[in-house]
Amino acid sequence: TAYEISTRDWSSDVCSSDLDHKKNIILYNPTKGWKVTRNLIATYPELNFVPVRGLNQVQLSERLYGAKIYMDFGHHPGRDRMPREAAMHGCALITGILGSAGNDIDLPISKTYKLDSAAPDFIKNFGELVTDMMQNFPLHYGNFASYRKWVQNESIIFRQQIFDYFINSNDVNSVSASVLLLTYNQESLVEGALVALLEQDIDQLEIIVSDDNSVDNTWGVIQRVVANYLGPKKIITNRNLTNIGIVANYNHADRKSTR
């Protein structure tokens, strides 16, 4: 059995309840759902659509912090990172229903904010929703409180699920499993995540660390932690020669699992 965990840690909201800094800006990823996004931009030229691209982490954080809405009508391959980042920076979300965005497990937000881009009245519904969100933003910000709490607890819940799986076995050391640790530019977080896995009381635990060609010192931290580990757990490390994205990185890491 293989598991994947994220090294992104959200211990608290980046955005406080003071929303005066929020502007009437709609952020979007131009690499996802561009056909739908382009149509919306053309239909509503009075709205301030701003692309999220070519930004480092600090610049991205600043842009999310200042915007009211983040929208994504592309296909969601799993628990997409950007909606979580946006929500924790105080953005309200509007998404489509493609991929995992269509279910309440991977994206547990109100269906009010999930619009079917194939519906005949989609354009009209989008305009009405955005207008209300801009005019009554504190209300809509409050509607995402449970989602922000879910994001904060995500890593805790995931680790508890793994713990319960192991503990429910008759012999904890008879359990054989692989954990996939996917990283990209997470120099400050990866050591804690990796050490936490190495400290688990499961000898037959295979840890596969796959770095997606980080440009910071993430890979250096991984190498140092692994070099200093003398325990029984099997560790497989990989660094992609180029940045291939989270889905391809996951698939690449999963193929390296021997359990």
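What you see below is based on every heavy atom in this structure, not just the backbone, and it leaves out hydrogens, waters and symmetry mates. This chain uses plain numbering: 1 for the first residue, then up along the sequence.
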Q: Let me check something: do Tyr28 and Leu98 share a hydrophobic cluster, defined by ILVMFWY side-chain heavy atoms less than 4.5 Å apart, either directly or through other members?
A: no
Q: List the steps, then state whether side chain to side chain contact (heavy atoms under 4.5 Å, CB included) holds for Val190 with Trp219.
A: CA-CA 9 Å; Val190 66; Trp219 180 243; over 6 Å; no
Q: Knowing that exactly one of Leu197, Asn238, Val179, Ile222 qualifies, which makes a side-chain contact (heavy atoms from CB on, under 4.5 Å) with Val209?
A: Ile222
Q: Grab the two heavy atoms, one from Leu198 and one from Lys233, that are nearest each other, plus how far apart they are.
A: O-NZ, 3.2 Å
Q: Just by distance, with hydrogens left out, do Ser61 and His89 show a side-chain donor and acceptor under 3.5 Å apart?
A: yes
Q: Could you point out which residue of Thr131, Asn125, Val130 forms a side-chain contact (heavy atoms from CB on, under 4.5 Å) with Glu128?
A: Asn125
Q: Any sub-3.5 Å donor-acceptor pair from Arg84's side-chain atoms to Arg148's backbone N or O?
A: no
Q: May I ask you to decide if Asp72's main-chain N or O and Thr95's side chain share a donor-acceptor pair within less than 3.5 Å?
A: no
Q: What distance separates Leu47 CG from Ile41 CD1, expressed to the nearest 0.5 Å?
A: 10.0 Å
Q: Nearest 0.5 angstrom please: Arg63 CZ to Cys91 SG, how far?
A: 11.5 Å
Q: Treating Asn136 as the side-chain partner and Leu139 as the backbone partner, does any N or O pair qualify as donor plus acceptor under 3.5 Å?
A: no
Q: Tell me, with the steps shown, if Ile94 and Met133 meet side chain to side chain contact (heavy atoms under 4.5 Å, CB included).
A: CA-CA 10 Å; Ile94 302 178; Met133 292 172 73; 3.6 Å; yes
Q: Checking Thr183 against Asp211 for the side-chain hydrogen bond (donor to acceptor under 3.5 Å, both in side chains) test, could you report, in this order, the C-alpha distance in whole Å, the side-chain angles of both residues, the deciding distance, and whether it holds?
A: CA-CA 5 Å; Thr183 64; Asp211 181 65; 2.7 Å; yes
Q: Can you tell me if Asn103 uses its side chain to pair, donor with acceptor, with the backbone of Asp106 under 3.5 Å?
A: yes
Q: Can you tell me how the ring of Trp150 sits relative to the ring of Tyr147, calling it parallel under 30°, perpendicular over 60° and tilted otherwise?
A: parallel
Q: Which residues pass the salt bridge (charged side-chain N to carboxylate O under 4.0 Å, His left out) test with Lys35, sequence neighbours left out?
A: none
Q: Taking the side chain as everything from C-beta on, heavy atoms only, tell me whether Phe122 gets closer than 4.5 Å to Val36.
A: yes
Q: Mind listing the closest non-hydrogen atom pair of Tyr184 and Ser214 along with its distance?
A: CA-OG, 3.2 Å
Q: Spell out, as yes or no, whether a donor-acceptor pair under 3.5 Å connects the side chain of Lys22 to the backbone of Met134.
A: no
Q: Determine the minimum heavy-atom distance between Ile25 and Gly66, stating which atoms define it.
A: CD1-O, 4.4 Å
Q: Taking atom CG of Leu129 and atom CE of Met71, what is their separation to the nearest 0.5 Å?
A: 11.5 Å
Q: Checking Leu180 against Ile208 for the side chain to side chain contact (heavy atoms under 4.5 Å, CB included) test, could you report, in this order, the C-alpha distance in whole Å, the side-chain angles of both residues, the deciding distance, and whether it holds?
A: CA-CA 5 Å; Leu180 311 183; Ile208 301 170; 3.7 Å; yes
Q: Could you check Leu60 against Asn56 for side chain to side chain contact (heavy atoms under 4.5 Å, CB included), going step by step and ending with a plain yes or no?
A: CA-CA 6 Å; Leu60 174 62; Asn56 60 36; over 6 Å; no
Q: Mind checking the CZ-CD1 spacing from Phe137 to Ile69? Nearest 0.5 Å is all I need.
A: 7.5 Å
Q: Does any N or O in the side chain of Lys114 come within less than 3.5 Å of the main-chain N or O of Gly96, such that one atom is a donor and the other an acceptor?
A: no
Q: With heavy-atom distances below 4.5 Å as the criterion, would you say the side chains of Phe144 and Leu93 are in contact?
A: yes
Q: Which pair of non-hydrogen atoms, one from Leu40 and one from Phe73, has the smallest distance, and what is that distance?
A: CD1-CE1, 3.7 Å
Q: Please check: side-chain N/O of Glu85 versus main-chain N/O of Pro83, any donor-acceptor pairing under 3.5 Å?
A: no
Q: Just so I know, are the side chains of Glu206 and Ile236 near enough to count as touching, which here means a heavy-atom distance under 4.5 Å?
A: yes
Q: So, Asn213 and Thr242: side-chain donor and acceptor under 3.5 Å apart, yes or no?
A: no
Q: For His76, does its backbone N or O pair with a side-chain atom of Ser100 as donor and acceptor, under 3.5 Å?
A: yes
Q: To the nearest 0.5 Å, how far apart are OG in Ser178 and NZ in Lys256?
A: 12.5 Å
Q: Do the side-chain N and O atoms of Asn240 and Asp212 include a donor-acceptor pair separated by under 3.5 angstrom?
A: yes
Q: Could you check whether any side-chain N or O of Asn228 sits under 3.5 Å from a backbone N or O of Arg224, counting only pairs where one atom can act as donor and the other as acceptor?
A: yes
Q: Would you name the heavy atoms of Ala86 and Tyr70 that are closest together and state the gap between them?
A: CB-CB, 3.6 Å
Q: Does the ring of Phe49 carry Arg38 above it, NZ/CZ under 6.0 angstrom from centre and within 45° of its axis?
A: no
Q: Could you tell me whether the side chain of Asn185 and the main chain of Val215 form a donor-acceptor pair under 3.5 Å?
A: yes
Q: Within this structure, what is the OG1-CG distance for the pair Thr237 and Leu181, rounded to the nearest 0.5 Å?
A: 11.5 Å
Q: Can you list the residues that meet the ring-ring contact (aromatic ring centres under 6.0 Å, His included) rule with His140, with sequence neighbours excluded?
A: Tyr113
Q: Is there a path of hydrophobic side-chain contacts, each under 4.5 Å between heavy atoms, that joins Leu64 and Val58?
A: no
Q: Give the minimum heavy-atom separation between Ile109 and Asp104, together with the two atoms involved.
A: O-OD1, 4.1 Å
